[in-house]
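Remarks on the structure that follows.
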Number of protein chains: 2
Amino acid sequence: MAPRPTIIDVATHAGVSKSLVSLALRDAPGVGAATRERILRVADELGYRSNTLAQGLRQRRSTLLGVVVSSLDNPYHTQVVESVEQAAQADGLSVLLAHGARDQGRLADRMNSLLDLNVAGLIVVSSWADPGTLQSAARRAPVIMVGRSLEPVAGIDSVNNDDELGAALVVRHLVAAGHERIAHLTSSRRPAGLARERGYRTAMAEHGLEAYTRVLRRHPGEAATGLLREATAEGSTAVFARNDVEAFDVLDHAWDHGLDVPDDLAVVGYDDSALALRARPRLTSVHQPRERMGELAAELLRERLGGRAEDRHEVLRPRLVPRASG
Amino acid sequence: MAPRPTIIDVATHAGVSKSLVSLALRDAPGVGAATRERILRVADELGYRSNTLAQGLRQRRSTLLGVVVSSLDNPYHTQVVESVEQAAQADGLSVLLAHGARDQGRLADRMNSLLDLNVAGLIVVSSWADPGTLQSAARRAPVIMVGRSLEPVAGIDSVNNDDELGAALVVRHLVAAGHERIAHLTSSRRPAGLARERGYRTAMAEHGLEAYTRVLRRHPGEAATGLLREATAEGSTAVFARNDVEAFDVLDHAWDHGLDVPDDLAVVGYDDSALALRARPRLTSVHQPRERMGELAAELLRERLGGRAEDRHEVLRPRLVPRASG
DNA sequence: CTGTTAGCGCTTTCAC
DNA sequence: GTGAAAGCGCTAACAG
């Protein structure tokens, strides 16, 4: 645990004062080219690294970006995180991830830890944060929500896809394929799911079809099995699942019960996550433009940092990716 | 962006000096019960939160734990991270995740960012960190490696499963099921994979069987297909894949080519990750005791923080979980 | 028990 | 151009 060199060390070794070193290191104006050159060389020789803590303490803004995510087990989320990260990196920010699980308290706790570290901003990839926490976070740093929040929160930006449109795309697709008994499947009352359900209901009504939602219980196995029984009993020929994870469950249980997909039952998911390609048959799913969403999140953050005061909410068009499952 | 209250604010409001506040807040000895009570109440009323940065700058230890992970897209890794997180939380540490991708430079960068934040320790869930980086990191804070590193690094602890044993378990299992032509499948030269291959070769030799490894190319689709063709041409009746991700690929391609698993080809994976249960047929896989590994990592860290100087390397026994795939 | 005093390493006026 | 000096918010001696 050798004591790390500080700017003072660099300064004495280079024969200048520490303020010069500070300036040179951040290539601020006011340092002679030769001096700067020498300072940088010495810093390098000494293996100097600036102390983030001290730096953060002094100036009000760091180069750290906090990303909060609730679940690591949904590939869609991790894919979004990766795209955010990529975009942030391009802006010279380094990402600190906090994993909040599906627990408002823990999530709030993590958000605060990040904020205490003086992050430049917070990108929230989770619909579990409660509005109060978000609002108070927004007073400390720009907060960008990727995906839907529980309820709209003033003062924070968001980037999202149009869930209602996406759901309508699914209905349209299935109807075009000749389906009329199309069940909607969900396990939760999360905001995105609700929006998809609304989209589904509207679209079904437009086609003069009966909408019916079935709710999965926590334990996926039993529930999906029960649901499949129900669905077939009700004459369903297609299922629109809230997301790929649940669509995958349906596929699995169809397999377990000898149902052929898509002949006995067509299955469509949402998110077009890595799971969709792993599934067999490959899963038809609604693609959220997640790369663009990551970029946009970074862009919105940049704007906030640049002083924008009014909220912005970007809504992107999803698109349906037809594959073998329905 | 109201200025956050500092201990000074709390002190003046409570009519005491700031050192008293500092002590009271960390319930250190030397503060009267009544005084402490009052200070805490005032702090609460003011919405005071201690400034991590200043705190970290002053004392040499924070309550932050850095966890570095290379890939978020392998469910096994995320599951390990979750168990580490759980164990750390029990120790009162809050986890900061850094995502390094499979890139030594970026990984090193992230590790340093974390270290710069004065984390109490670093838990590395990635075999991509280069030994030099690990070593220099270990000079700054305790480093615990979960899984195998590229090469053994002095000064860092590790917790791992016995990959060679795990591979032997697989071979034994397949042989017991009557297989003799058992191919080993891998896509990479990562340390864990190499150990598993060694275990496979040794076990095959012990059974008097011929060992042969086939290497997947980057693009999984093509490669697995080619491999399957090869494997069947060679009369393979079983495949032992380096991990679940690759086993899943094999399953997918078996499906694509109308091969029945396990009748035409038995498939066994490694990690017993979430993928194993999603797969159809469900994947036989080697279970790494990841919950225990997370706990152990936290435990080793605690010991280091407590002053242990000599390295410890924990190796846990994996176990085979037989399922439908072979 | 309580208060004063020095800094941690860095940035930032402000003189020279 | 360059350097001295004053803190950011907190903790850790040390006196009272």
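Quick note: numbers below take in every heavy atom, side chains included, and nothing from hydrogens, waters or symmetry partners. No experiment lies behind these values; they were computed from the predicted model shown. First the proteins, then the strands, lettered A, B, ... as listed; each starts at 1.
- Under 4.0 angstrom from either OP1 or OP2 of C:dT11 there lies at least one side-chain N or O belonging to A:Q55.
- Donor-acceptor pairing under 3.5 Å is recorded for the side chains of B:S22 and B:R26.
- Between A:R4 atom CZ and C:dG9 atom P the separation is 9 Å, expressed in whole Å.
- Within a heavy-atom distance below 4.0 Å of DNA chain C, the residues of residues 19-44 of chain A found are A:S19, A:S22, A:R26.
- For A:Q59 and C:dC10, the CD to P distance is 11 Å, given to the nearest whole Å.
- Judged purely by distance below 3.5 Å, without hydrogens or angles, the side chains of A:E314 and A:N160 never pair a donor atom with an acceptor atom.
- Nucleotide C:dT4 holds its P atom 13 Å from the CD1 atom of B:I7, rounded to whole Å.
- Checked by atom type, the side-chain pair B:R102/B:S70 shows no donor-acceptor distance below 3.5 Å.
- The distance between atom NZ of B:K18 and atom P of C:dT2, rounded to the nearest whole Å, is 18 Å.
- Checked by atom type, the side-chain pair B:T133/B:D130 shows a donor-acceptor distance below 3.5 Å.
- Under the 3.5 Å distance criterion, with hydrogens and angles disregarded, no donor-acceptor pair is assigned to the side chains of B:S127 and B:R148.
- Looking only at side-chain heavy atoms (C-beta outward), A:R140 and A:D116 come within less than 4.5 Å of each other.
- Side chains of B:S50 and B:Q55: a donor on one and an acceptor on the other come within 3.5 Å.
- Salt bridge status for B:R308 with B:D157: present, with a side-chain N to carboxylate O gap under 4.0 Å.
- Mapping heavy-atom proximity under 4.0 Å, the span of DNA chain D touched by chain A runs 5' to 3' from D:dG1 to D:dG9.
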